[in-house]
J.: 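Before we start, here is the structure in question, set down as structure tokens.
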Amino acid sequence: MWQAQILTLFPEMFPGPLGLSLAGKALQQGLWSMDVMQIRDHATDKHRSVDDTPSGGGPGMVMRADVMGRAIDAAVTMRPDSSDDDWPLVYLSPRGKKLDQKMVHDFAAKKGITLVCGRFEGIDERVLQKYNIMEVSLGDFVLSGGEIGALMLMDAVIRLIPGVIGEPETLKEESFTSGLLEYPHYTRPAVWQGLEIPDVLMSGHHENIRKWRLDCSEKLTKKRRPDLWKEYSRNKCDD
Ligand code: SAH
């Protein structure tokens, strides 16, 4: 069973939306599980403080290395017998490598993950060094904390766990898996506000439908995502 350990100052945020729908059902069925840990439990002073002013001055607060270190040590001790290779330690951070579907597949193939959610200006750099933490970003924007990022990452992984999605075929065709964006979808009614469903989809001719969908995927990717298109066409030529 895939397991997520989450280190956060806001445990109430979990499972949050992942307690509903596909992920929620899968959680109930025991297809994945989570262990949410309060970072503040590892503070030692009487105010239970987890942050302090930045060395060198400047605005904001920084999460203390000693508190974070103890929290991470506790998480590592609690995870089931596993090496670092099959249980990545991740810090959600705008400076990290951008999350993509390939990374999501890699994470889904592991036994579990430990997700460190930052708050304030982030965590003391020495913690990242010491534990060789992988930094993962959700995109080029700044969130107020790592929690929503952790939920997004978990959502993307959970839907890949066998048994979570009823029709595994869905996963094969979707955006990014093939290196292309997905083709457009239609369903009844056949005519809506004067707009019709493309004839080929109503033809029942499976090979033509397959070709049409691939053609749409290619055109859409070329137009919207030249970066993906470049990669896809390079691989295509190598065949
Ligand atoms: N001062 C930092 C931003 C801190 S935001 C900087 O400029 O780089 C506070 C926390 O939100 C971070 O510690 C991180 O855990 C989380 N966070 C913010 N933006 C994120 C993003 N794009 N992806 C993942 N996590 C993010």
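Both ligands and their constituent atoms are indexed starting at 1 by order of listing.
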J.: Mark up the atoms of ligand 1 that fall under 4.0 Å of a heavy atom belonging to G145, in ascending order.
T.: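 So the atoms of ligand 1 that pass are 10 (C), 11 (O), 16 (C).
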
J.: I158 and side-chain contact (heavy atoms from CB on, under 4.5 Å): which single residue from L27, L31, V164 fits?
T.: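 Option passing the side-chain contact (heavy atoms from CB on, under 4.5 Å) with I158: V164.
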
J.: Are any of the heavy atoms in G146 under 4.0 Å away from ligand 1?
T.: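 Per 4.0 Å heavy-atom rule, G146 contacts ligand 1.
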
J.: Of all the heavy-atom pairs spanning L89 and I72, show the shortest one and how long it is.
T.: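 So the two residues come closest at CD2-CG2, 4.0 Å.
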
J.: Among protein heavy atoms, which sits nearest to atom 5 (S) of ligand 1, and what does the distance come to when rounded to 0.1 Å?
T.: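 Answer, as residue, atom name and distance: L143 O, 3.2 Å.
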
J.: Which heavy atom of the protein is the closest neighbour of atom 2 (C) of ligand 1, given with residue, atom name and distance?
T.: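 Here the closest protein heavy atom is E121 O, 3.6 Å.
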
J.: Between K219 and D215, is there a salt bridge with N-O shorter than 4.0 Å?
T.: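 A salt bridge links D215 with K219.
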
J.: What I want to check is whether the side chains of E182 and S175 have a donor and an acceptor closer together than 3.5 Å.
T.: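 No.
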
J.: What do you reckon, does G139 have a nitrogen or oxygen under 3.5 Å from a nitrogen or oxygen of ligand 1?
T.: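 N/O-N/O distance below 3.5 Å exists for this pair.
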
J.: Between R119 and S144, which heavy-atom pair has the shortest distance, and what is it?
T.: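 Nearest heavy atoms, R119 then S144: NH1-O, 3.5 Å.
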
J.: Report yes if V116 has an N/O atom closer than 3.5 Å to an N/O atom of ligand 1; otherwise report no.
T.: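 Among all N and O atoms of V116, none is under 3.5 Å from an N or O of ligand 1.
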
J.: Aromatic ring centroids of Y183 and H185 under 6.0 Å?
T.: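 That pair passes the under 6.0 Å test.
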
J.: Which residue and non-hydrogen atom of the protein lie closest to atom 22 (N) of ligand 1, and at what distance in Å?
T.: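 Among all protein heavy atoms, the one nearest atom 22 (N) of ligand 1 is F141 O, 2.8 Å.
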
J.: Got the closest protein heavy atom to atom 13 (O) of ligand 1, with its distance?
T.: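 For atom 13 (O) of ligand 1, the nearest protein heavy atom comes out as Y91 OH, 2.7 Å.
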
J.: Among protein heavy atoms, which sits nearest to atom 15 (O) of ligand 1, and what does the distance come to when rounded to 0.1 Å?
T.: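 For this ligand atom, the closest protein heavy atom is L92 O, 2.6 Å.
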
J.: What is the closest protein heavy atom to atom 3 (C) of ligand 1, and at what distance does it sit?
T.: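 Result for atom 3 (C) of ligand 1: V142 CG1, 3.9 Å.
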
J.: Could you tell me whether a side-chain N or O of Y131 sits under 3.5 Å from a main-chain N or O of G69, the two making a donor and an acceptor?
T.: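 Checking the backbone N and O of G69 against the side chain of Y131, a donor-acceptor pair under 3.5 Å is found.
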
J.: Can you tell me which residue and heavy atom of the protein come closest to atom 24 (C) of ligand 1, and the distance to 0.1 Å?
T.: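 Looking at atom 24 (C) of ligand 1, the protein heavy atom closest to it is S93 N, 3.4 Å.
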
J.: Taking both backbone and side-chain atoms of F120, is any N or O found less than 3.5 Å from an N or O belonging to ligand 1?
T.: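 F120 vs ligand 1: no N/O contact under 3.5 Å.
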
J.: Identify which one of D84, D86, D73 satisfies the salt bridge (Lys or Arg N to Asp or Glu O under 4.0 Å) criterion when paired with R79.
T.: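 Going through the options one by one, the only one that passes is D84.
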
J.: Measure the distance from atom 8 (O) of ligand 1 to every protein heavy atom, then report the residue, atom name and distance (to 0.1 Å) of the closest one.
T.: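 Going by distance alone, atom 8 (O) of ligand 1 is nearest to P94 CG, 3.4 Å.
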
